[in-house]
Undergrad: 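Below you will find the structure I want to go over with you.
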Number of protein chains: 2
Amino acid sequence: MVETTTRDRLVSEAMRLFGQQGYRATSVAQIEAAAGLAPGSGALYHHFKSKEALLAAGIDRQLDRRGAMRDVRALFAGLGDLDTELTLLGRYLFAVLDEETQLLQIAARTPAGQSARVAAAYAALVDGLCAELADWIAGWAPHLADTDAHRIAVLGINALLGNRAGQMLYHGPGTQLRDEDYLTEWTTLLGARIRA
Amino acid sequence: MVETTTRDRLVSEAMRLFGQQGYRATSVAQIEAAAGLAPGSGALYHHFKSKEALLAAGIDRQLDRRGAMRDVRALFAGLGDLDTELTLLGRYLFAVLDEETQLLQIAARTPAGQSARVAAAYAALVDGLCAELADWIAGWAPHLADTDAHRIAVLGINALLGNRAGQMLYHGPGTQLRDEDYLTEWTTLLGARIRA
DNA sequence: GTCTATACGCCGATAGAC
DNA sequence: GTCTATCGGCGTATAGAC
């Protein structure tokens with residue numbers, strides 16, 4: 001994943017800075033400097049017609065990289081008992097969220113209805129993860145109504161999202177748990193609910 | 001809670017706007033206008049020496065209003081069975097979070113280590129809620145180790161935080177569940193874990 | 001305490017040389 | 001494609017009249 005073109009570098013550095021500082025707080029000059037161009041020169045505008053177009057390109061690239069909704073039921077089914085599969089699934093969901101860290105940060109720091117593209121990308125991510133988890137739950141607990149499986153999934157995803165949100169805000173070691181411990185507890189909680 | 005002084009109105013409107021748009025994206029002129037002053041006039045600077053001092057005053061007011069850590073174990077203990085108490089406790093935790101909406105929004109939109117005051121206020125809130133919930137759990141499940149009770153509490157609080165974070169980002173009706181349904185599922189999940 | 005007026009800097013974006 | 005130079009606008013903050 002070595003960046004070749006200046007355009008790619010601009011997108012990468014812009015998304016990194018947008019995530020760290022927010023869209024408005026990041027200046028075009030700063031992005032240019034991070035991409036190895038002279039800060040303050042309008043060099044960026046030979047690749048994007050505006051700063052907003054650059055954000056849109058970054059979101060679109062993130063959406064392109066995002067694989068199609070995986071059928072987690074097929075991926076993880078039959079690997080072992082419920083707790084084992086659930087732990088693996090939790091690690092997988094954390095990994096997906098970490099791939100989308102920049103998007104999550106940008107979404108959190110974008111004033112509500114400012115960018116429809118950002119909101120749509122965020123909604124698609126969360127809804128997709130909930131659907132995947134709900135699907136897997138339904139496979140293990142056929143006796144559960146679909147709405148129940150969905151509710152458990154929403155809560156499970158929110159628990160993972162809340163963890164990453166907390167890490168973004170604390171940014172220090174904080175009082176947060178280690179990922180391993182958190183996932184263990186997450187597995188225990190959801191496993192007990194699904195079995196019941 | 002009718003605002004009397006101009007200073008109070010400035011703080012209230014500033015915190016509202018900071019929450020909606022973020023600190024940097026909110027201009028002093030906008031705050032002045034919202035407080036009924038002439039936008040662009042430096043009238044604000046007769047009450048605060050800078051925009052940053054205004055934010056600090058807002059955070060401090062939020063901290064002052066925040067009651068001392070309540071002993072939820074004493075508040076909710078003996079009201080009924082575990083599920084009943086847990087539901088009430090969940091409603092209470094949601095209510096506390098909703099009182100702190102502005103702080104949560106500001107924290108989310110403040111670029112990491114920008115304001116130590118904001119980070120400290122956020123950390124104190126989350127740590128306090130986790131401690132309260134862990135305390136209550138320990139009361140119902142004496143057989144559980146303290147570290148286990150704490151882990152369950154962290155996950156429970158994160159699940160509630162994740163829900164409110166999602167509401168802040170969707171801001172539309174979205175796919176989110178109704179509070180009632182979400183709390184029901186939250187209660188079921190944590191209840192099953194505590195009993196086990 | 002609030003106003004008008006203004007200083008001064010930074011930002012997004014454009015023009016034109018190379 | 002990247003640079004220097006620059007325009008116009010908006011941002012924070014200040015000075016001084018009332």
Side-chain angles (χ1 to χ4, degrees), chain A residues 2-61 106 109-112 114-118, chain B residues 2-61 106 109-112 114-118:
Chain A
V2 180
E3 254 103 29
T4 55
T5 71
T6 300
R7 187 192 153 93
D8 282 341
R9 256 179 309 139
L10 284 168
V11 172
S12 296
E13 296 301 320
M15 290 294 279
R16 185 177 60 80
L17 290 168
F18 290 161
Q20 286 176 6
Q21 312 176 340
Y23 173 75
R24 286 195 67 161
T26 303
S27 70
V28 171
Q30 206 174 350
I31 300 169
E32 289 171 335
L37 303 180
S41 73
L44 183 147
Y45 292 97
H46 283 265
H47 301 271
F48 304 94
K49 79 172 211 301
S50 70
K51 185 182 169 187
E52 204 174 346
L54 172 57
L55 171 61
I59 299 295
D60 287 347
R61 194 181 77 172
I106 294 172
R109 289 172 187 155
T110 299
Q114 183 124 334
S115 167
R117 242 195 186 86
V118 172
Chain B
V2 181
E3 254 103 29
T4 55
T5 71
T6 300
R7 187 192 154 93
D8 282 342
R9 255 180 309 139
L10 283 169
V11 172
S12 295
E13 295 301 320
M15 289 294 279
R16 186 177 59 80
L17 290 169
F18 289 162
Q20 286 176 6
Q21 312 177 339
Y23 172 75
R24 285 199 68 160
T26 302
S27 70
V28 170
Q30 207 174 349
I31 299 169
E32 289 171 334
L37 303 180
S41 73
L44 183 147
Y45 293 97
H46 285 265
H47 301 272
F48 304 94
K49 79 171 210 300
S50 71
K51 186 182 168 187
E52 203 175 346
L54 173 58
L55 171 61
I59 299 295
D60 287 347
R61 196 182 75 173
I106 293 172
R109 288 171 189 156
T110 298
Q114 183 123 336
S115 167
R117 242 196 187 84
V118 171

Undergrad: Side chains of A:R9 and A:S12: donor-acceptor distance under 3.5 Å anywhere?
TA: no
Undergrad: At under 4.0 Å, does any side-chain N or O of B:Y45 touch on OP1 or OP2 of D:dT14?
TA: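 For B:Y45, the contact criterion (side-chain N or O under 4.0 Å from OP1 or OP2 of D:dT14) is not met.
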Undergrad: Using a 4.0 Å heavy-atom cut-off, does B:L44 contact any base of the nucleic acid, only the sugar-phosphate backbone, or nothing at all?
TA: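 No contact at all - B:L44 keeps every heavy atom at 4.0 Å or more from the nucleic acid.
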Undergrad: Describe the nucleic acid contact of B:S41 in one word from base, sugar-phosphate, nothing, applying a heavy-atom distance below 4.0 Å.
TA: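 Base contact - B:S41 has a heavy atom under 4.0 Å of at least one base atom.
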Undergrad: Does A:G40 or B:G42 map to a spot on DNA chain C nearer the 5' end, using the closest nucleotide for each?
TA: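 Closer to the 5' end of DNA chain C: B:G42.
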Undergrad: Which nucleotide in the list D:dT4, C:dT4, D:dT12 gets nearest to the side chain of A:A38?
TA: D:dT4
Undergrad: Report yes or no: is the cationic atom of A:K51 (NZ for Lys, CZ for Arg) under 6.0 Å from the centre of the six-membered ring of A:F18, at an angle within 45° of the ring normal?
TA: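 Negative - A:K51 is either too far from the ring of A:F18 or too far off its axis.
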Undergrad: Counting only side-chain heavy atoms from C-beta out, which of D:dA13, C:dC3, C:dC11 sits nearest to B:L37?
TA: C:dC3
Undergrad: Given 3.5 Å as the limit, does a donor-acceptor pair link the side chain of A:R109 with the main chain of A:Q20, or not?
TA: yes
Undergrad: If you only use heavy atoms from C-beta on, which nucleotide in D:dA13, C:dT4, D:dC3 is closest to the side chain of A:H46?
TA: D:dC3
Undergrad: Where along residues 5-24 of chain B does a heavy atom come under 4.0 Å from DNA chain C, residue by residue in number order?
TA: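 Those residues whose heavy atoms fall under 4.0 Å from DNA chain C, taken from residues 5-24 of chain B in numerical order, are B:T6.
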Undergrad: Where the side chain of B:A43 is defined as all heavy atoms beyond and including C-beta, which of D:dT12, C:dT2, C:dG12 is the nearest nucleotide?
TA: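 Nearest to the side-chain atoms of B:A43, counting from C-beta on, is C:dT2.
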